[in-house]
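Just so we're on the same page: letters track the sequence lines, and every chain starts at 1.
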Amino acid sequence: MSRMEEELKQALRREDPGPDFADRVLARIAALPAAAAPEAAPETVPQKADWWQKLLLFFQSFGQSFGQSLSLTPQLKLAMAGALACAVLVSAVGIQRYRAHERALAEAAEGQKAKEQVMLAMRIASAKLNVAQKKVRETSDRQPGDNASER
Amino acid sequence: MQRPEAAARAHTTLDEALARAKKGDQAAFAELVRAHQSMVFSIAQRFMHGFSDGRALAEDLAQEVFIHLYQNLAAIESPEHLKFWLRKVTGHRCIDHARRHKQQTARQSVSLDDAPEMHAAFQFGDTIMTTALRRMIATLPEKPRLVVTLRYQEDLDPTEIAAVLDMPLNTVKSHLRRSLAILREKVSRSFGETLV
């Protein structure tokens with residue numbers, strides 16, 4: 001190390017801010033608003049946690065207690081992995097079937113709605129046709145003489 | 001220099017203090033503050049040297065760094081990480097502070113060119129030399145000043161400084177080289193002696 005560097009080390013040696021420094025920091029922390037306080041580690045279920053967070057915590061705590069009470073052999077681990085894979089597969093198939101069922105129901109509902117609309121249209125057309133027919137009949141009943149003079 | 005057993009004991013103590021502080025133990029947090037206060041305060045102190053109320057500013061900045069630490073304790077993984085985090089946050093806060101008060105700094109800092117020339121002979125550990133060097137370091141631009149402080153106060157090598165300041169290694173080396181050249185030249189001008 002050069003002399004210059006030694007001089008720099010000497011000039012830049014650490015200084016202590018004083019024995020009460022930590023107390024002053026703690027006093028400033030105590031004066032902080034509650035919102036500025038640190039977030040505690042989530043050891044318990046937070047009150048406003050979402051349902052999936054609660055579920056996750058439940059499974060975590062279940063897994064911890066399960067792991068402590070059982071010594072997990074490789075066979076057991078394999079079986080658990082297999083069971084988990086089966087559960088995932090069954091869930092996936094179930095979800096897909098449920099969605100297909102939902103889709104079929106929606107399509108049936110739409111078909112029914114279209115059928116009702118067609119029926120309504122036909123009823124309207126029929127009513128209008130009846131009105132037109134009635135008017136034609138009235139017109140022809142009112143002018144019988146005209147027809148006779150023409151002959 | 002700490003002996004390996006003493007260093008290991010100190011590390012364990014800090015590890016425990018960190019774990020307790022994370023659980024909300026204020027006494028453990030105070031322990032962490034006491035263990036690192038001289039490091040954080042001195043980095044800030046070196047940086048604020050050019051300010052008229054440098055010591056008060058340095059103490060205020062150091063307190064803010066520890067308050068920020070208190071709010072982010074959950075993110076600290078180990079005593080080494082804590083040290084790294086404190087240096088990084090202190091460095092960045094110093095630079096931010098200096099930028100905010102750049103005009104004020106320029107007005108208030110002691111320019112070596114305006115300072116009376118000192119031709120007194122000096123010896124190693126001379127307080128005149130020490131004081132002069134601190135003033136000279138305070139005239140360096142912000143980043144080189146911080147690099148020099150981390151190199152010679154904290155004894156960090158350039159790679160560590162680059163990590164702390166998020167700076168390319170070559171930039172750190174170049175700041176160090178240029179700063180040393182500037183300081184040598186100023187010492188030579190002030191003391192009429194060349195430090196190698």
Please look at [X] and chain A and tell me whether the side chain, the backbone, both or neither of the residue comes under 4.5 angstrom of a heavy atom of that chain.
{"X": "B:A62", "result": "both"}
{"X": "B:L183", "result": "both"}
{"X": "B:V148", "result": "both"}

> Do the two ring centres, one from B:H36 and one from B:W85, sit under 6.0 Å apart?
Replying inline: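 For B:H36 and B:W85, the ring centres are not under 6.0 Å apart.
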> Of all of B:A44, B:A58, B:S42, which one pairs up most often with chain A through heavy atoms under 4.5 Å apart?
Replying inline: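 It is B:S42.
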> Are the charged groups of B:E185 and B:R189 less than 4.0 angstrom apart, N to O?
Replying inline: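 Salt bridge: yes.
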> Are any of the side-chain heavy atoms of B:E16 and B:E31 separated by less than 4.5 Å?
Replying inline: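 Result no, sub-4.5 Å side-chain heavy-atom pair not found.
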> Are any of the side-chain heavy atoms of B:L165 and B:K143 separated by less than 4.5 Å?
Replying inline: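 Contact flag for B:L165/B:K143 side chains = no.
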